[in-house]
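Just below is one structure, and these are the notes that go with it.
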Amino acid sequence: MAMKQIVVPDIGDFSDVAVIDVYIKEGDTIALDDPVIALESAKAVTDIPSPFAGVIKSVHIKEGDLVSKDSLLADIEVEEEQQSSTEAPPKEEPANEQPEEMEESKPEPEPEPEADSKQEPVSKVSADEPKEHTEFINSQKPGSTFHATPSTRQYARELGIDLGKVKGSGPHGRILKEDVQALVKQVMKDGGGSGPSAQTEFELEDFSVYGPIERMKLTRIQKISGPHLQRSWQTIPLVTQFDEADVTELELFRKTLKQEMERKPKEAQVKISILPFVVKAVTHALKEFPAFNASYDGASGDLILKQYYHIGIAVDTPDGLMVPVLRDADKKSIQEIAQELVELSQRARDGKLKSKDISGASFSISSLGGIGGTAFTPIINPPESAILGISRMEKKPVWNGESFVPRDMLPLSLSYDHRAIDGAQGARFTTYLASLLHDIRRILL
Amino acid sequence: MKQLERDFVVLGGGPGGYTAAFRAADLGRSVTLIEQQKSLGGVCLNVGCIPSKTLLHLAQVMDDAAQLESVGITYGKPKVDLDAIRTHKETVVSNLTGGLDGLVKARKVERITGTGSFISDTELLIKTEDGEMTITFKDLVIAVGSRPIQIPDIPYEDERIWDSTKALEVSEIPKRLTIIGGGIIGMEMAAIYHGLGSEITVIEMTDSIIPPADRDLKQSLLKQVKKQYKAIYTSTKVTKVSAESESLKVELEGEKAPDSIEADAVLVAVGRKVNTDRIDIDKTTINRGDRDWILTDEKQRTNVSHIYAIGDVTGDPMLAHRATHQGKVAAEVASGLKSAFTPMSIPSVAYTQPEIAWIGLTEQEAKEKKIPIKKGSFPWQASGRAMTELAPLGVSKALFDPESGRILGAGIAGKHAGELIGEAVLALEMGAVAEDIALTIHPHPTLSETFAVAAELAEGTATDTMNR
C-alpha cells in the first residue's frame with residue numbers, strides 16, 4: 001500500500017479553473033481513470049480522470065475552488081507500490097502514473113465556419129467523454145483474470161473492446177479473436193446498449209484522383225459532439241413523429257404584443273418570437289406526458305421521471321452547435337423566457353456559457369424555423385428521452401369544412417426513445433402540443 | 001541560425017530511437033533522427049550489450065577449452081593479444097552500426113549528428129559540428145537513454161577508476177579488479193575480466209548478487225564464481241576509494257568484509273541514471289517522476305500529447321529490448337495506430353557463466369506478495385544434454401497459477417539460459433498452462449527439454465526424475 005497524490009494534470013494554458021463537481025469523497029474506492037472532479041475549461045466541462053486505482057483518503061478541494069496544473073486534489077491509497085531498483089528488476093512496466101492527456105482543453109486554431117453552416121439538430125457540448133475513455137489498453141499482468149494473446153489484445157485495442165467484458169471460449173477460458181468478434185457483433189445487434197463503441201471508420205479513397213480536394217478541420221465542439229451524437233444514434237431506437245400546429249391565432253396575438261412592445265422604451269423591449277410560446281407549451285405537454293421529460297435507465301429498465309422542466313435550446317454559434325439550458329421553464333412567464341433565450345443565445349455565440357448553462361436539460365428543442373425546411377429528424381440528446389424539432393412556419397390552405405382558408409402552420413418533428421415511449425403516446429404528445437399552440441389560452445387551464 | 005520544421009523527430013539513436021525512427025518511416029512519416037555520436041546504436045551497440053557479449057563469448061570459449069582438461073584434452077595457457085581482441089570487438093560493433101546506417105539511407109531517414117536540447121514544448125536546439133539550428137516538430141520521441149551512476153568519495157579523475165564504458169574498451173588487464181556493484185552489469189564484467197586473467201573482487205550493497213533473481217537460480221552462478229573469484233562481499237558498502245601511487249585503496253564497511261582492500265582498477269557498476277539533465281527538459285512541461293524518469297502512459301505518450309518518451313529515460317528496467325518495443329509503440333501511436341506497450345513480462349538475462357534468465361513472476365516476489373504458485377523445478381544434473389555439454393550447473397523452473405494452471409513466471413540458470421528463456425516468454429504471453437508446455441514435444445536431447453520437464457514436474461507427469 002502506498003499513498004499517492006492526485007493532482008491536476010496539464011490542462012493547457014489555463015490556470016484558476018473552477019471545480020464544478022467533485023465526484024469523490026473520503027473512503028471511496030475508485031478505479032484507474034474514474035473521474036475525480038469536473039473542471040470548467042474553455043467552453044466545455046472536462047472530467048479529470050484518476051491516475052491511480054485505490055481508496056481516497058482525503059479530498060482537498062470543494063466545488064467552486066479554483067485550481068491550476070499540479071493543484072492537489074486528493075490523497076489516495078494505492079494498492080501496489082511501484083518497484084524501484086536500479087539494477088534491472090524483473091518485470092515491472094513503466095510507471096503509468098500519467099493522467100490521460102486532454103486534447104480538448106488545448107487551444108488550437110480552428111477555421112471559422114460560416115454562420116449558416118449546417119446545423120445539427122442536437123448537440124452535446126459537455127466534454128464528459130474524452131475520446132480516450134473509449135480506448136481500452138487491455139494490458140494484462142501474469143495472473144490476471146482473463147487471458148488473451150498479444151495479437152488478440154492488439155485486435156481488441158483496435159476495435160475499442162474492453163477484454164474484461166469478453167468471455168473467452170478458448171482452452172482454459174482463453175479469449176480468442178473470434179470471441180472479440182462475437183462481442184462486436186452482439187454490440188452491433190443490440191444497437192450499442194451499454195457496451196463499448198465498436199464501430200470502425202469507413203476507409204477513405206484517395207479522392208484527389210477524381211479532382212482537387214481540401215481538408216478542413218472540424219471545430220472543437222464538433223469533435224466533441226460527434227462521438228456523442230454517434231452513440232446516441234446507435235444506442236437509442238428513435239421514432240420521429242411529424243405534425244403541424246395551426247398557430248394562426250397565436251401569430252396574431254404575437255404581432256399585437258410586438259406592437260405593444262414597440263411602444264415601450266427601447267431598453268425594456270424584448271423581441272418575442274414564437275419560440276418562447278413553444279417552450280411554454282412544451283412544459284405543459286411534458287407535465288401531461290411525463291415520459292417525455294425522463295431518462296431511460298438501461299441498467300434497471302426503469303424510467304426516471306424528472307419533476308423539473310429544464311429545456312435545452314439548440315443554438316448555432318460560430319464554433320458549432322451548443323445547447324444552453326433554460327432552467328425551470330414551467331415557472332417562467334413567456335416574457336421571462338424570451339428575455340432569457342436572448343441572453344443565453346448571445347452568451348453561446350460569445351463563447352461565454354458556463355458549465356451550469358449547458359447541463360441538466362430534461363428535454364431539448366431544436367428550432368430551424370428561421371432557416372427553412374419542412375421537417376427533420378432530430379437526434380436525442382441522451383440521457384433525455386425526447387427532442388422537439390421545429391421547422392419553418394408556412395401559410396397553407398386548410399379545409400375548414402366549407403372552403404380552403406389560409407392558416408399559419410408550424411411543422412413539429414418529435415423524436416423520442418421508443419424503449420420508453422410508445423408510438424401512440426408520441427402521436428398524442430404532438431397532438432396535444434399542437435392544440436396548445438393552436439389556442440395558447442389552453443395553457444391557463 | 002537555421003530554423004527547420006520537421007514532421008517526426010527522434011532525439012537519440014539508440015535501439016529505441018532508431019526503432020521508432022524506422023517504424024515511423026515505414027508508416028509514411030517523414031523522419032529526422034538526431035544522435036550525438038557518429039555511429040548509431042547508442043549504449044547497447046557501442047558501449048553495452050554488443051561489446052560486452054563479444055568479450056563474454058571469448059571468455060566463455062576460453063573457459064570451455066580449459067574445462068576440456070578434465071576429459072583429457074589439454075591446450076596450453078591461452079595467449080591474449082588485447083589489441084587483436086579490441087579490433088575484433090570494434091569490427092563486430094562497426095558491422096552492426098554500419099548496417100544501421102544502411103537502413104537509415106534505405107528508409108530515407110534524415111540523420112543529424114549533434115546534440116539536441118529543448119527550447120520549449122515545440123522546439124529543439126541542435127548543436128552540430130557545423131553550427132546550431134532549431135527544429136520545430138509535429139511529433140517528438142525522447143530516447144536519450146541513461147549513463148552510469150557515480151557514487152561519492154571516489155576519485156573519478158584517476159584512470160584506474162572505470163565505468164562500464166571504460167571497462168569495455170579493454171585497454172588493459174588489471175591484475176586485481178574490484179567491482180563495485182554485484183548486479184547484472186557488474187557480474188558480466190567480472191566474467192569478462194576473470195576470463196582475461198584478472199583477479200576479481202565483487203562488492204555488493206544488498207545481501208546477494210543480482211538482487212532481483214531468485215536464489216535457486218543464482219546458486220549455479222555462485223557455485224562457479226566463488227571458486228573463480230578472490231572474494232564476493234555482500235551486504236557491504238564502499239565508503240571511500242583513494243588513489244595511491246601503486247594501487248587503489250578501497251575502504252569497505254560490512255560484517256564479513258575487511259576494512260580495506262587494494263586494487264589495480266576499480267569498476268563502478270552501481271546502476272544507471274537517466275540523461276534528462278542533458279536536454280534542458282526544464283524548458284518543457286513534461287512530467288517527470290522519481291529520479292527524473294519521464295512519465296508516460298501505455299502509449300509512451302508524455303503529458304505533452306505530441307511528445308513521446310521511450311527506453312531508459314522512462315525508467316526501469318533499462319533494457320534494450322524494452323526500448324525497441326516502446327519505440328515501435330511510440331511511432332505507431334504517433335502515426336494514428338492504436339498500439340500500446342503492454343507486455344506481460346520484460347525478460348531479464350545475466351550473461352554470466354552460467355547465464356541466469358527469468359521472466360514474469362519470481363519466487364521471491366510470489367512470497368512477498370503472498371501469491372499462491374505451483375512450481376516445477378528441474379535441476380540440470382538429470383538432463384542428458386547438459387551432461388553432454390559438460391554443463392550440469394543449471395536449473396529450469398516454471399511457476400504456475402494453481403487455479404487456472406496458467407504460467408506466471410519462469411527462471412532458467414545454466415548454459416544458454418538467455419536463449420532458452422524465449423520459449424517461456426512466449427508461453428506467458430500466449431497464456432499457456434503447464435499441460436500445454438508438458439504436451440509440446442521438445443527435441444531430444446536438448447537443453448530446451450528442461451523447461452518442458454519443469455512443466456511436467458508441476459503437472460506430476462515427469463518421468464525423467466521423481467515427481468515430488
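Sequence lines set the chain letters: A, B, ... in the order given, protein chains first and strands last, and positions in each chain run from 1.
- Of the two parts of B/Ala432, only the backbone, made up of N, CA, C and O, holds a non-hydrogen atom closer than 4.5 Å to a non-hydrogen atom of chain A.
- The salt bridge (charged side-chain N to carboxylate O under 4.0 Å, His left out) pairs that include a residue from residues 324-335 of chain B are B/Arg23-B/Glu332, where partners are two or more places apart or lie in different chains.
- Counting all heavy atoms, side chain and backbone alike, B/Val329 lies closest to B/Glu298 at CG1-O, 3.9 Å.
- Proximity to chain A involves both the backbone and the side chain of B/Ser339, based on heavy atoms less than 4.5 angstrom apart.
- At a 4.5 Å heavy-atom cutoff, the contact between A/Phe146 and chain B is made by backbone atoms alone.
- For residues 301-334 of chain B, every residue pair satisfying the ring-ring contact (aromatic ring centres under 6.0 Å, His included) rule, not counting sequence neighbours, is listed here: B/Phe137-B/His306.
- Both the sub-6.0 Å distance and the 45° axial angle are not jointly satisfied by B/Lys374 relative to the ring of B/Phe400.
- The candidate with the highest count of non-hydrogen atom pairs below 4.5 Å against chain B, out of A/Thr149, A/Asn138, A/Thr152, is A/Thr149.
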